[in-house]
Amino acid sequence: MLFLRPSASARLVSALATKTYPSATASSVRAARTLHTSSVWTTGKGTTHFRSPFLASQVRLLGAISKPLARQTLFASHSSPISASATFHQHSHAEEAAIHDSAPTTHMKLIDWVRAQQSLLEPDNVHWCDGSQEEYDSLVGDLVDKGVMIPLDSKLRPGSYLTRTDPADVARSESSTFICSEKEIDAGPTNNWVDPNQMRTELEKSFRGSMRGRTMYVIPFSMGPIGSPLARIGVQVTDSPFVVINMRIMTRIGQPVLDVLGDDKEFVPCVHSVGKPLEPGDKDSLWPCNIAQRKVVHFPESREIWSFGSGYGGNSLLGKKCLALRIASVMARDEGSLAEHMLILGLTSPAGKKYYVAAAFPSACGKTNLAMLQPTLPGWKVQVVGDDINWMKFNPNDSRLYAINPEAGFFGVAPGTSGKTNPNAMETIQKNTVFTNVALTEDGDVWWEGMTKKRPDGKVVNWKGEVWGPSMGDKGTPLAHPNSRFTVSLDQCPAKDPAWNDPNGVPISAIIFGGRRETTVPLVFQTKDWNHGVLVGATVASEKTAAADGSDIGQLRFDPFAMLPFAGYNMGDYFGHWLSMPSRVNDPSQLPKIFHVNWFRKDTNGSFMWPGFGDNSRVLKWIVDRLEKPEDKNLFTSTPIGYVPTASSLDLSGIEKDVGGGVMEKLLKVDAKSYLSEVGKARDYFKQFGDRFPAKLTKELDDLEDRLKKNQGV
Ligand SMILES: Nc1nc2c(ncn2[C@@H]2O[C@H](COP(=O)(O)OP(=O)(O)O)[C@@H](O)[C@H]2O)c(=O)[nH]1
Ligand SMILES: C=C(OP(=O)(O)O)C(=O)O
Ligand SMILES: [Mn+2]
């Protein structure tokens, strides 16, 4: 654990800033580093103790690094602070040595970048996170002392905490999320775009001095197993210790990541500030944020992320949606791979055959639940590799797509999670879990709608910290926020797949798309081939959930590939990238088969017709049947939209009553008229992509329309 306490001397700063010095040699840096790794760094609350007097003097010197220098260069050019770093190599030997020594890395670009951020953000301290348990405990301890994290009962929920956010900072903010590509057309019509130069000017205004009175934490993190050929490294600076705690659960952080980064490997620079500098005498709030200036900004060409004003998961844990989806999708386009909003699960049949399946559903549409499913069908087993994000790459030897989960934890939706719906999640969150915006019970445990049938007895405090009254809960407003979440390590999940950490990834046999659809879309169907599958991915539509803010919850919107809020480039090009996959392999027959599911079809009373959750294993079994016996005509009916199961081909043993009386027929019904109206809406939606929309996909849509008009099979 490393704290730098810059006690800057103005005289020294101006003296250093005006001279030009040769930069330190790699060997002097390494020599200095050796010296320092043998020193012990300890941190008490608010104070820093250096056991080495030499180190202490070096750190004091570091406090004097040239703010004026960095100030001039950061946003002055169009280039990123990273590429601007060449202009920072103007320091004395002593100063260079101090900077390099105090950073637990010899990566010059990283050191320069961190220093540039320090100059811009003007934190009181800089702390390089080593990722240790001691560091985690110390950060948690501080936040407990401040009342930000409320410890839960140590017997009921050991090592677990509740945090309440600002009521205005409870979800991803799509209207404040930007893709600032150099050309507007490259962000595409579905992303917010601002000219990158203009955005840099705005960022400069927001970020300048935004960490005053706070500590800047430097979090080196790996998305994917550390050292995996499929992994990518990011470094996030943040002034939120809560973010550090969550990043440690959700990703792999600290010294091992710096070791892999070595002297010159690439990293994605991520800057995050809650946007609430503290002047002397200011009292900090429990959840500092700056909603008025909130913005989550991506520069796809220079692969940078800048997030200001929010502490909420998707906006502030920059490895997740920002790096692993928006920036990684751009990298994947350039490399011929895929970065997708998909769960990855391992499925073992009673015969012992194992398949890996990926599934893309929009936020709060069932990824975490499907990934952790406990099958109600005897003999079947589901194990989780990932519940949200999937990076896939072809292996040229077998033409198969191999997938890793870049994350190391779950950021799961709490409401609706129960021993009945998701027992694996309930067991996973039994300990060492950080809960956000759930309700607190009298005995010091958590509660949310759907966890039990009834609200717990005794005093219950809602997510805003108010004691339950008759106007809340039951029929009134919910006690837990609809987007309340749990953050927990994947390692704790009893259903984790043995290969969840495999650096080479797992081979994918099937890809499933899905959304929340009250009407029209059947329980499951298979697409006729890859291109048709891409059309089905491109036409995913879903009723909007509370995972993103806005007043339009429940409204149907297109959410292509469940990537609408996450594609880092023009969605028209993204469709083209998917269409290019068969041409990238020797044997396209090895490509995963593509399916579509809908767990959310409702009857006329507004109730879900399909029991869902563990019973979704029945659909997974049908998918495996289709993979194993593609020729078996008893398994499917050929319809204009694809292959739909015959009622007898789904194993419904044990739930015959629930889906009897014509329910199954309704769940599998394909109504040509409703689908023709969908085709019309899709055609309108696709118009916005202009000439970036692939002709192949227009042809797929035309063919679908023809089939529907003739009402014949595929
Ligand atoms: N009716 C029904 N609800 C589901 C099903 N799967 C998940 N849900 C609910 O949908 C919400 C979001 O689920 P989750 O798995 O967290 O979605 P994610 O955000 O895509 O990971 C939760 O309230 C779940 O209880 C299902 O099969 N049927
Ligand atoms: C973290 C999120 O993921 P999801 O709801 O897809 O689990 C989010 O949407 O902010
Ligand atoms: Mn989820």
Side-chain angles (χ1 to χ4, degrees), residues 169-174 177 246 250 296 310 312-322 324-326 340-345 359-374 376 384 386-390 405 407 409-426 428-429 436 448-451 478 480-488 490 512-518 523-524 540 542-550 559 562-566 597-603 606-620 667:
D169 198 21
V170 291
R172 274 184 298 106
S173 172
E174 293 184 2
T177 299
N246 281 269
M250 294 302 298
V296 184
S310 170
Y312 167 79
N315 298 334
S316 70
L317 311 177
L318 302 187
K320 194 173 177 60
K321 307 289 187 179
C322 300
L325 289 176
R326 298 194 192 98
E340 300 299 327
H341 190 203
M342 291 178 177
L343 67 90
I344 308 163
L345 62 84
F361 310 152
S363 293
C365 291
K367 289 182 300 300
T368 302
N369 276 270
L370 187 63
M372 294 189 194
L373 170 143
Q374 261 187 24
T376 49
V384 53
D387 79 323
D388 197 40
I389 302 179
N390 171 354
N405 169 15
E407 303 192 278
F410 305 118
F411 182 59
V413 175
T417 309
S418 72
K420 257 190 154 166
T421 59
N422 194 346
N424 282 322
M426 290 307 277
T428 310
I429 61 179
T436 311
W448 47 78
E449 278 66 25
M451 185 199 235
H481 187 277
N483 192 37
S484 54
R485 299 268 175 165
F486 52 79
T487 315
V488 67
L490 197 158
I512 306 176
F513 295 110
R516 266 178 200 268
R517 296 299 305 267
E518 279 188 29
L523 179 65
V524 57
V540 166
S542 193
E543 290 134 26
K544 225 183 134 211
T545 67
D549 56 14
D559 189 344
M563 283 288 278
L564 180 67
F566 307 121
V597 300
N598 176 24
W599 315 139
F600 300 97
R601 207 158 171 171
K602 286 183 178 169
D603 60 20
S607 307
F608 293 121
M609 289 194 280
W610 177 247
F613 303 104
D615 287 319
N616 294 335
S617 57
R618 299 164 194 277
V619 171
L620 294 178
L667 280 166

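Residues: numbered from 1 along the sequence shown. Remember, it's 1-based here, ligands and their atoms both numbered in the order they're listed.
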Polar-atom distance check: Asp387 versus ligand 1, any N or O pair below 3.5 Å?
no
Contact check, Pro415 vs ligand 1, heavy-atom distance below 4.0 Å
yes
Would Asn422 and Thr417 count as having a side-chain donor-acceptor pair, cut-off 3.5 Å?
no
Is Arg485 reaching over with its side chain to a backbone N or O of Phe411, donor-acceptor style, under 3.5 angstrom?
yes
I want to know if ligand 1 touches Gly612 in the polar sense, i.e. an N/O pair below 3.5 angstrom.
no
Output the list of atoms in ligand 1 that are nearer than 4.0 Å to some heavy atom of Pro362, sorted by atom number.
20 (O)
Would you mind running through ligand 1 and noting each atom that sits below 4.0 Å from a heavy atom of Gly416?
23 (O), 25 (O)
Counting non-hydrogen protein atoms only, what is the nearest one to atom 19 (O) of ligand 1? Give residue, atom name and distance.
Ala364 N, 2.6 Å
Going by distance alone, is a donor N or O of one side chain under 3.5 Å from an acceptor N or O of the other, for Ser542 and Asp559?
no
Go through Val524 and Ile512 one step at a time and tell me if the side-chain contact (heavy atoms from CB on, under 4.5 Å) criterion holds.
CA-CA 9 Å; Val524 57; Ile512 306 176; over 6 Å; no
CG/Leu345 to CG/Asp387 distance, rounded to the nearest 0.5 angstrom?
11.0 Å
Among Asp388, Leu373, Leu343, Asn369, whose heavy atom sits nearest atom 24 (C) of ligand 1?
Asn369
Can any side-chain N or O of Arg172 pair as donor or acceptor with the backbone N or O of Gly313 at less than 3.5 Å?
no
May I ask you to list the atoms of ligand 1 that are less than 4.0 angstrom from any heavy atom of Phe608?
1 (N)
Shortest non-hydrogen contact between Gly612 and Asn616, atoms and distance:
CA-OD1, 3.3 Å
Touching ligand 1 at all, Asn616? Heavy atoms, strictly under 4.0 Å?
yes
Using every non-hydrogen atom in the two residues, find where Asp549 and Glu174 come nearest and quote the distance to one decimal.
OD1-N, 3.9 Å
Looking only at protein heavy atoms, identify the closest one to atom 17 (O) of ligand 1 and say how far it is in Å.
Gly366 N, 2.8 Å
Does Pro611 reach ligand 1 with a nitrogen or oxygen that is under 3.5 Å from one of the ligand's nitrogen or oxygen atoms?
no
Contact table ligand 2 N or O to protein N or O, d under 3.5 Å:
from	atom 1	to	atom 2	distance (Å)
ligand 2	3 (O)	Lys321	NZ	3.0
ligand 2	5 (O)	Ala364	N	3.3
ligand 2	5 (O)	Arg485	NH1	3.3
ligand 2	5 (O)	Arg485	NH2	2.8
ligand 2	6 (O)	Lys321	NZ	3.3
ligand 2	6 (O)	His341	NE2	3.1
ligand 2	6 (O)	Ser363	OG	3.1
ligand 2	6 (O)	Lys367	NZ	2.9
ligand 2	6 (O)	Asp388	OD1	3.1
ligand 2	7 (O)	Arg485	NH1	3.2
ligand 2	9 (O)	Arg172	NE	2.9
ligand 2	9 (O)	Arg172	NH2	3.1
ligand 2	9 (O)	Ser363	OG	2.8
ligand 2	10 (O)	Arg172	NE	3.0
ligand 2	10 (O)	Tyr312	OH	3.2

Does any N or O of ligand 1 fall below 3.5 Å from an N or O anywhere on Thr417, backbone included?
no
Checked the Mn ion (ligand 3): protein N, O or S atoms closer than 2.8 Å come out as Thr368 OG1
Ala425 and Phe486: which non-hydrogen atoms are nearest, and at how many Å?
CB-CZ, 4.4 Å
Ligand 1 to Arg485 polar contact by distance, N or O atoms, under 3.5 Å
no
In the protein, what heavy atom is nearest to atom 10 (O) of ligand 1, and what distance, to one decimal place, separates them?
Arg516 NH2, 3.0 Å
Indicate yes or no: at least one non-hydrogen side-chain atom of Met426 is less than 4.5 angstrom from one of Thr421.
no
Lys321 to Phe566, cation-pi by 6.0 Å centre distance and 45° axis angle:
yes
Polar-atom distance check: Phe600 versus ligand 1, any N or O pair below 3.5 Å?
no
What residue and atom, counting heavy atoms only, is the protein's closest point to atom 6 (N) of ligand 1, and at what distance?
Phe613 CE2, 3.5 Å
How long is the gap from OG1 on Thr545 to CG on Asn483, to the nearest 0.5 Å?
7.0 Å
Here the pair of heavy atoms bringing Pro362 nearest to His341 is C-CE1, 4.2 Å
